[in-house]
Asks: 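The structure that follows is given in the form of structure tokens.
Whatever order the structure lists ligands and atoms in, that order sets their numbers, starting from 1. Here the structure is a predicted model, which is why all the values come from computation and not from measurement. In what follows, residues are counted from 1 in the order of the sequence shown.
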Amino acid sequence: MTRNGHPPAPAAFQEMWRDLSPVGRHPGSGGYRRFAWTAADSDCRSWFREQAEARGLAYEVDRNGNQWAWLGDPAAGDAVVTGSHLDSVPDGGAFDGPLGVVSAFAALDELRGRGVEFGKPLGIVNFGDEEGARFGLACVGSRLTAGRLGIAEAHRLTDADGITLPQAMEAAGYDPDAIGADPERLSRIGAFVELHVEQGRALDLNGDRVGIASAIWPHGRWRFDFRGQANHAGTTRLGDRRDPMLSYAETVLAARREARLAGAVATFGKIAVEPNGVNAIPSLVRGWLDSRAADQTTLDAMVTGIEEAAHDFAAEHGVELDVVRESFTPVVEFDHALRDELARILGKEAGLKVPVLGTGAGHDAGILSGTVPTAMLFVRNPTGISHSPAEYAAEDDCVAGVTALADVLEGLARR
Ligand code: HGY
Ligand code: MN
Ligand code: MN
């Protein structure tokens, strides 16, 4: 036993974690760069396949590149599915996504160890391109499968080097013309439960190891293109400049102000500058806004406020501005019956104190929740840091997550 009374992680968990930890890790930053359809992504996919095969599970890849591992025949229906994603944001942490996939395999091991007989098919899934780090749109694999991203729209997605999603899929050995909605596959799922590291400190502040998700805030991504005039940094008088960097910078500050007033969040975390020369006034500053709020009305008002401010700043500097909404995910309220069932399984049967909490982070579970009864488990994150190499969860808490997931899967498979 470890010093706070929880058993150490099972060897299989430690081994999976160790195998996966070098994949796509940048030696300089220590963060992960596991972007869709790259070599690192392919290595993660090979790892998933090996884990499935080592456990004698039936392995398949669906038309959208999501990977599935099955115990029992999914065609029997009412399947219980768990899993998450293996891709990352630029220089992401080790836990966001992989914890849910590794815990899924570890929970299956635990259930086998308990001698549980499954009356229903049990599935483990790795959804492709959850973070949208390469093509700008999050949850591409689950959106396509749920019919919430059209084929034509997906085919238009392009990365920073001008490579389209179909080109990237093809280069990785997948057929981009096969993508699209997969209602039959989803109709076989009776419940989907995604385990995820918490991306905040609510659990830690209350001294809880594990929590259940209530809702996901509505959120979206907007692209702001400020176009001015490239010119010489040394010879152009200040009054003669049409500098888009100025209106961009003022917009960043306006976003912060609007978010504070709304009790919400707004972030410019990505920027592209042309010509991107140290001695040139930019011709274009392209900034991406990520905005999230507890409800739709607040989010709409905040983004409108930021856009209006950006247009005023652009006009002041003789700059043109275009704003494009690149993606949007409405509020997700997880299935109440399933949520209550998880609370019952973990609370009454396993004797855990399990708080129910909302989150501002997006998940494949949120995308699926419109089609499939869906729930989420969160595992304590003592610093709350996520989307950063510093993201962390203690091994004891990961073990508590695996046990909770195993309890939930066992309970759901018995229904
Ligand atoms: O950006 C998000 O909320 C998620 O982590 N994909
Ligand atoms: Mn993430
Ligand atoms: Mn995630």
Asks: What I want to know is whether A138 and ligand 1 share at least one N or O pair that is separated by under 3.5 angstrom.
Replies: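 No, since none of the N or O atoms of A138 sits under 3.5 Å from an N or O of ligand 1.
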
Asks: Just by distance, no angles: are the side chains of N381 and E198 close enough, under 3.5 Å, to form a donor-acceptor pair?
Replies: no

Asks: Within 2.8 Å of the Mn ion (ligand 3), is there any N, O or S atom belonging to D364?
Replies: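 It does not; every qualifying atom lies at 2.8 Å or beyond.
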
Asks: To the nearest 0.5 angstrom, please state how far the CG atom of D175 sits from the CD atom of E170.
Replies: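 If I round to the nearest 0.5 Å, the distance is 7.0 Å.
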
Asks: How far is atom 5 (O) of ligand 1 from its nearest protein heavy atom, and which residue and atom is that?
Replies: H387 NE2, 3.1 Å

Asks: Using 30° and 60° as the class boundaries, would you call the ring planes of F378 and H196 parallel, tilted or perpendicular?
Replies: perpendicular

Asks: For the Mn ion (ligand 3), which N, O or S atom of D96 is at the shortest distance?
Replies: OD1

Asks: Taking heavy atoms and a distance under 4.0 Å, where does R292 meet ligand 1: side chain, backbone, both or neither?
Replies: side chain

Asks: Checking only N/O/S atoms, does H85 have one that is under 2.8 Å from the Mn ion (ligand 3)?
Replies: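 A backbone or side-chain N, O or S atom of H85 is under 2.8 Å from the Mn ion (ligand 3).
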
Asks: Which of the atoms of ligand 1 are close to E131, meaning less than 4.0 Å from one of its heavy atoms?
Replies: 4 (C), 5 (O), 6 (N)

Asks: Hey, is E50 close enough to R55 for a salt bridge, meaning N to O under 4.0 Å?
Replies: no

Asks: In the protein, what heavy atom is nearest to atom 4 (C) of ligand 1, and what distance, to one decimal place, separates them?
Replies: G362 O, 3.3 Å

Asks: Please determine if D87 and R34 form a salt bridge, counting it only when a charged side-chain N lies under 4.0 Å from a carboxylate O.
Replies: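 R34 and D87: not salt-bridged.
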
Asks: Around atom CZ of R63, are there more than 12 heavy atoms of other residues, nucleotides or ligands at under 6.0 Å?
Replies: yes

Asks: Determine whether the side chain, the backbone, both or neither of H219 has a heavy atom under 4.0 Å from any heavy atom of ligand 1.
Replies: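 No part of H219 is near ligand 1 at this cut-off.
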
Asks: Salt-bridge test for D407 and R114: reply yes if a basic N is under 4.0 Å from a carboxylate O, no otherwise.
Replies: yes

Asks: If the cut-off is 4.0 Å to any non-hydrogen atom of E130, which atoms of ligand 1 fall inside it?
Replies: 4 (C), 6 (N)

Asks: Could you tell me if any non-hydrogen atom of H363 lies under 4.0 Å from any atom of ligand 1?
Replies: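 Under 4.0 Å: no for H363.
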
Asks: Ring-plane angle category for F95 and W17, please: parallel below 30°, perpendicular beyond 60°, tilted otherwise.
Replies: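 Plane angle between 30° and 60°, so tilted.
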
Asks: Under a 4.0 angstrom heavy-atom cut-off, which atoms of ligand 1 come close to A361?
Replies: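 Per the distance check, 3 (O).
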
Asks: State whether E153 and R156 are salt-bridged, where the test is any N-O pair (Lys NZ or Arg NE/NH1/NH2 against Asp/Glu carboxylate O) under 4.0 Å.
Replies: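 No, this pair does not count.
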
Asks: I'd like to know if the Mn ion (ligand 2) has an N/O/S atom from E131 within less than 2.8 Å of it, counting both backbone and side-chain atoms.
Replies: yes

